[in-house]
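Have a look at the structure below before the remarks.
Worth saying up front: this structure is predicted, and the values here are computed from it rather than measured.
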Amino acid sequence: MILLEEMDTEFGTIKIVRSKDTDAITYYQNGCSHSEVDMEGISTCAYVHVMYSIIRQSMARRVLMIGCAGGTLATMLHNLGCEVTVADINPHAFILARRYFNMPKEITCVAEDGLSFLLNAPHRYDAIAIDAFTNSGDVSQQFTLPDFFRATRKVVGNEGIVVMNVIVSHDFDLLADRTALNMETAGMPAVLFDWSQGTDRNIIIAGGNNIESMRVNIDGNPPLIRHELQYIASRKRRQHRSMVPDTSPPCPV
């Protein structure tokens with residue numbers, strides 16, 4: 001690997017590296033990979049293409065993203081013709097996304113905590129995408145609670161959608177299922193797009209009134225990830241007797 005840049009920030013150490021074998025560029029923060037693009041600038045992360053596919057099917061024109069890293073999803077949506085705003089607590093992410101991942105200057109970047117920006121959103125959005133993690137690589141709890149999804153529902157209205165990336169450790173990790181339940185508690189039917197029988201895998205949670213009819217298009221995606229996308233299944237949250245809506249302290253709304 002070739003180190004292109006290393007930056008120590010208030011929110012962790014970011015490294016941008018290039019593969020000697022494939023020329024792929026990867027964005028690492030505190031050792032965790034958050035974005036990767038191939039030599040043509042196309043994301044090699046299958047979950048990004050799942051989020052993109054769902055938002056595209058929703059016909060969203062104005063999109064809010066919480067979490068930036070390399071900004072690959074924001075760039076894809078901008079190229080689709082969407083008006084994209086990205087909120088990230090770390091302003092250095094925007095600099096690196098534009099320098100190494102070709103994130104267009106037309107994308108609006110806001111250096112602010114995603115929840116804070118959402119609670120004071122200047123207008124409505126057609127879709128909200130959440131792809132934000134703590135310095136330790138975990139999903140911040142504030143983005144998984146019912147009150148957070150009530151706030152997102154106010155911003156997207158009855159016709160908008162919410163898509164969220166989470167990581168589960170194994171098949172018995174119910175983080176995605178609990179989060180989907182909390183989304184439903186806020187009035188948004190939820191579907192999970194899941195890779196079966198994988199450890200430390202991404203699951204995309206999608207919520208909205210029209211979400212159950214959506215499917216991931218495999219043929220239109222880059223050949224590199226088509227094989228992986230073949231194993232994505234949509235499902236409703238698992239029924240589990242120990243699962244109850246999260247009653248952790250609510251975020252202010």
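Taking a 6.0 Å sphere around CE of Met59, one finds it holds 12 or fewer heavy atoms contributed by other residues, nucleotides or ligands. Counting non-hydrogen atoms of neighbouring residues, nucleotides and ligands closer than 6.0 angstrom, the CD atom of Glu40 reaches no more than 12 such neighbours. Around the CZ atom of Arg56, the shell of radius 6.0 Å holds no more than 12 heavy atoms that belong to other residues, nucleotides or ligands.
A distance of 6.0 Å or more separates the ring centres of Tyr47 and His49.
A 4.5 Å side-chain heavy-atom check between Ser35 and Phe101 finds at least one atom pair inside the cut-off. Within the 4.5 Å cutoff, the side chain of Gln142 has no heavy atoms near those of the Phe148 side chain. The side-chain heavy atoms of Asn210 and Glu159, taken from C-beta on, include a pair separated by under 4.5 Å. Counting heavy atoms from C-beta on, the side chains of Ile232 and Val50 come closer than 4.5 Å. The closest side-chain heavy-atom distance from Leu4 to Val17 is not below 4.5 Å. In this structure, Phe193 and Ile205 have side chains that are not in contact, with every pair of non-hydrogen atoms separated by 4.5 Å or more. When side chains are defined from C-beta on, Leu192 counts as touching Asp177, because their heavy atoms get closer than 4.5 Å. Side-chain atoms of Cys109 and Arg98, non-hydrogen and from C-beta on, do get closer than 4.5 Å to each other.
Expressed to the nearest 0.5 Å, how far CD1 of Ile95 lies from SG of Cys68 amounts to 10.5 Å. Distance check: Arg150 CZ to Leu145 CG gives 10.0 Å after rounding to the nearest 0.5 Å. Rounding to the nearest 0.5 angstrom, the gap separating the CG atom in Asp131 from the CG atom in Asp88 is 10.0 Å. The CG atom of Leu96 sits 6.0 Å away from atom CZ of Arg99, with the distance rounded to the nearest 0.5 Å. Put simply, CG on Asp126 and CG on Leu64 are 11.0 Å apart, with the number rounded to the nearest 0.5 Å. Taking CG of Asn30 as the start and NZ of Lys15 as the end, the distance is 10.0 Å to the nearest 0.5 Å.
Heavy atoms only, all atoms of each residue included: Phe11 and Gln29 are closest at O-NE2, 2.9 Å. Contact detail for Val139 and Ile167: the closest heavy-atom pair is CG2-N, 4.4 Å. Closest heavy-atom contact between Pro104 and His78: CG-CD2, 3.5 Å. In terms of heavy-atom proximity, Ala60 sits nearest to Cys82 at O-SG, 3.3 Å. Met51 and Ala129 get closest at one heavy-atom pair: CE-CB, 4.0 Å. Minimum heavy-atom separation, Asn158 to Asn209: O-ND2, 2.7 Å.
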- Task: Go through Asn90 and Thr9 one step at a time and tell me if the side-chain hydrogen bond (donor to acceptor under 3.5 Å, both in side chains) criterion holds.
- Result: CA-CA 8 Å; Asn90 192 346; Thr9 77; 3.1 Å; yes

- Task: Could you walk me through whether His123 and Tyr125 pass ring pair (Phe, Tyr, Trp, His ring centres under 6.0 Å), step by step?
- Result: CA-CA 7 Å; His123 44 63; Tyr125 292 90; 4.8 Å; yes

- Under the side-chain contact (heavy atoms from CB on, under 4.5 Å) rule, what do Arg201 and Asp173 come out as? Steps first, then yes or no, please. CA-CA 11 Å; Arg201 68 182 187 267; Asp173 184 342; over 6 Å; no

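A donor atom on one side chain and an acceptor atom on the other are found under 3.5 Å apart for Thr22 and Ser19. Side-chain atoms of Asp38 and Thr44 form no donor-acceptor pair, as typed in the model, at a separation below 3.5 Å. Residues Glu5 and Tyr100 have side chains that bring a donor and an acceptor to within less than 3.5 angstrom of each other.
Using a 30° and 60° split on the angle between ring planes, His34 and Tyr27 fall in the perpendicular class, above 60°.
The closest donor-acceptor contact from the side chain of Asn182 to the backbone of Thr144 lies under 3.5 Å.
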